[in-house]
Novice: 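I am attaching a structure below and will ask some questions about it afterwards.
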Amino acid sequence: MTITITAFESSPDRGRGLARDMRVRWALEEAGQPYAVRLVSFKAMKEPAHLSRHPFGQIPTYEEGDLVLFESGAIIFHIAERHAGLLPENADARARAIAWMFAALNTVEPPIVERSMATLIERDKSWYDERLPMLDDHVRVRLGELSKRLGDADWLDGGFSAGDLLMVTVLRRLEGSGLVEEYPNLAAYVARGEARPAYQRAFADQLAVFTDNPSSSR
Ligand code: GTB
């Protein structure tokens with residue numbers, strides 16, 4: 001059955017792979033599943049056809065036959081449940097990998113998104129220069145904790161899992177801030193994720209959307 005996902009027609013990140021379709025593309029590549037991409041404009045995302053797929057009018061979505069999913073975490077969990085390579089077979093190890101998926105999305109991503117949104121929409125506000133260091137420190141708290149837990153391991157809990165896939169994509173959102181580089185083991189962890197062949201294929205595919213039509217980027 002053909003899998004179709006949605007992605008930005010004109011990604012504001014200009015092909016840096018920071019939007020959340022990247023994590024779904026990466027998971028599908030790790031699982032060895034071919035997929036089609038429906039590109040959506042910012043206008044189309046808020047129109048009935050897309051709202052029927054995604055109640056909040058966002059990307060990514062996932063369609064497979066009659067199944068329509070939204071929320072990148074739910075999509076990746078679905079892929080990981082149905083295909084080998086993203087979750088361990090052992091029940092306890094699987095539960096721990098799922099805990100890391102939630103940790104990436106619920107504990108590490110929120111302060112990173114809050115910082116990222118501030119850099120996008122508050123840059124010209126009078127409070128920005130005072131607020132940014134505080135947002136940086138909130139991110140540093142989580143990065144410090146994550147760094148301690150990772151130690152000198154390659155991945156968060158044994159072999160690479162969907163938990164690592166989500167965590168690496170979440171940390172990538174800090175690209176250019178210098179924050180991840182303050183924790184050399186986290187910088188190496190992100191680089192390890194980015195070096196995976198499945199990541200490379202996913203990155204090249206999302207970049208092609210931008211390079212095929214660079215003038216359409218905002
Ligand atoms: N919780 C949802 C999920 O995990 O799927 C969040 C989905 C979401 O935020 N989607 C964003 C979206 O559709 C795109 S990824 N936004 C449009 C809207 O809400 O109207 C967020 C994103 C966008 C751009 C960059 N960037 O340019 O660097 C990075 C991340």
Side-chain angles (χ1 to χ4, degrees), residues 3-28 35 37-64 67-81 86 98-123 132 135-136 139 142 162-180 190 193-194 199 202-203 205-211 213-218:
I3 293 170
T4 303
I5 68 166
T6 51
F8 283 139
E9 180 184 74
S10 320
S11 184
D13 73 0
R14 304 169 62 86
R16 288 159 69 209
L18 300 177
R20 289 182 176 90
D21 60 298
M22 177 62 202
R23 52 185 68 166
V24 176
R25 291 172 183 270
W26 184 8
L28 286 166
Y35 61 97
V37 183
R38 182 184 300 112
L39 298 176
V40 287
S41 65
F42 282 90
K43 181 169 172 287
M45 276 195 290
K46 307 300 174 191
E47 290 174 349
H50 189 70
L51 286 170
S52 72
R53 292 185 282 267
H54 196 307
F56 309 115
Q58 298 182 313
I59 60 100
T61 59
Y62 175 101
E63 292 153 78
E64 185 183 9
L67 176 67
V68 183
L69 290 175
F70 60 98
E71 282 298 330
S72 59
I75 294 170
I76 286 159
F77 184 57
H78 170 78
I79 296 166
E81 285 265 274
L86 286 166
I98 293 167
W100 278 116
M101 293 178 70
F102 278 89
L105 300 179
N106 283 356
T107 304
V108 180
E109 190 165 48
I112 291 177
V113 168
E114 195 179 358
R115 180 193 185 280
S116 160
M117 293 309 289
T119 64
L120 285 176
I121 59 183
E122 296 178 27
R123 209 172 264 282
L132 187 63
L135 296 175
D136 282 349
V139 171
R142 290 293 177 244
D164 295 296
L165 184 150
L166 283 171
M167 194 66 82
V168 167
T169 58
V170 162
L171 296 178
R172 283 203 66 240
R173 186 105 181 239
L174 290 168
E175 198 177 86
S177 71
L179 288 167
V180 172
V190 172
E194 291 173 333
Y199 176 96
F203 187 87
D205 285 349
Q206 66 75 37
L207 178 61
V209 175
F210 173 70
T211 51
N213 192 11
S215 62
S216 73
S217 82
R218 294 198 321 169

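One-based numbering, in listed order, for ligands and for the atoms of each. Keep in mind that what you see is a predicted model, and the values were worked out from it rather than measured.
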Novice: Once you round to the nearest 0.5 Å, how far does CZ of R172 lie from CG of D13?
Specialist: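 Nearest 0.5 Å value for the CZ-CG distance: 8.5 Å.
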Novice: Can you produce the list of protein nitrogen or oxygen atoms under 3.5 Å from a nitrogen or oxygen of ligand 1, alongside each distance?
Specialist:
{"residue": "ligand 1", "atom": "1 (N)", "partner": "E71", "partner atom": "OE1", "Å": "2.8"}
{"residue": "ligand 1", "atom": "1 (N)", "partner": "E71", "partner atom": "OE2", "Å": "3.3"}
{"residue": "ligand 1", "atom": "4 (O)", "partner": "S72", "partner atom": "N", "Å": "3.4"}
{"residue": "ligand 1", "atom": "4 (O)", "partner": "S72", "partner atom": "OG", "Å": "2.6"}
{"residue": "ligand 1", "atom": "5 (O)", "partner": "S72", "partner atom": "N", "Å": "2.8"}
{"residue": "ligand 1", "atom": "9 (O)", "partner": "R20", "partner atom": "NH1", "Å": "2.7"}
{"residue": "ligand 1", "atom": "10 (N)", "partner": "I59", "partner atom": "O", "Å": "2.8"}
{"residue": "ligand 1", "atom": "13 (O)", "partner": "I59", "partner atom": "N", "Å": "2.9"}
{"residue": "ligand 1", "atom": "19 (O)", "partner": "Q58", "partner atom": "NE2", "Å": "3.0"}
{"residue": "ligand 1", "atom": "20 (O)", "partner": "K46", "partner atom": "NZ", "Å": "2.7"}
{"residue": "ligand 1", "atom": "27 (O)", "partner": "D13", "partner atom": "N", "Å": "3.1"}

Novice: R142 and E114: salt bridge (Lys or Arg N to Asp or Glu O under 4.0 Å), yes or no, with the steps?
Specialist: CA-CA 13 Å; R142 290 293 177 244; E114 195 179 358; over 6 Å; no
Novice: Going by the rule ring pair (Phe, Tyr, Trp, His ring centres under 6.0 Å), which residues pair with F70 if we only count those two or more places apart in sequence or in a different chain?
Specialist: H54
Novice: With sequence neighbours excluded, what pairs up with L67 under the side chain to side chain contact (heavy atoms under 4.5 Å, CB included) test?
Specialist: Y62, E64, L69, H78
Novice: To the nearest 0.5 Å, what is the distance between CZ (F8) and CG (D21)?
Specialist: 8.0 Å
Novice: Sequence neighbours left out, what passes side chain to side chain contact (heavy atoms under 4.5 Å, CB included) with L51? Give chain and number order.
Specialist: none
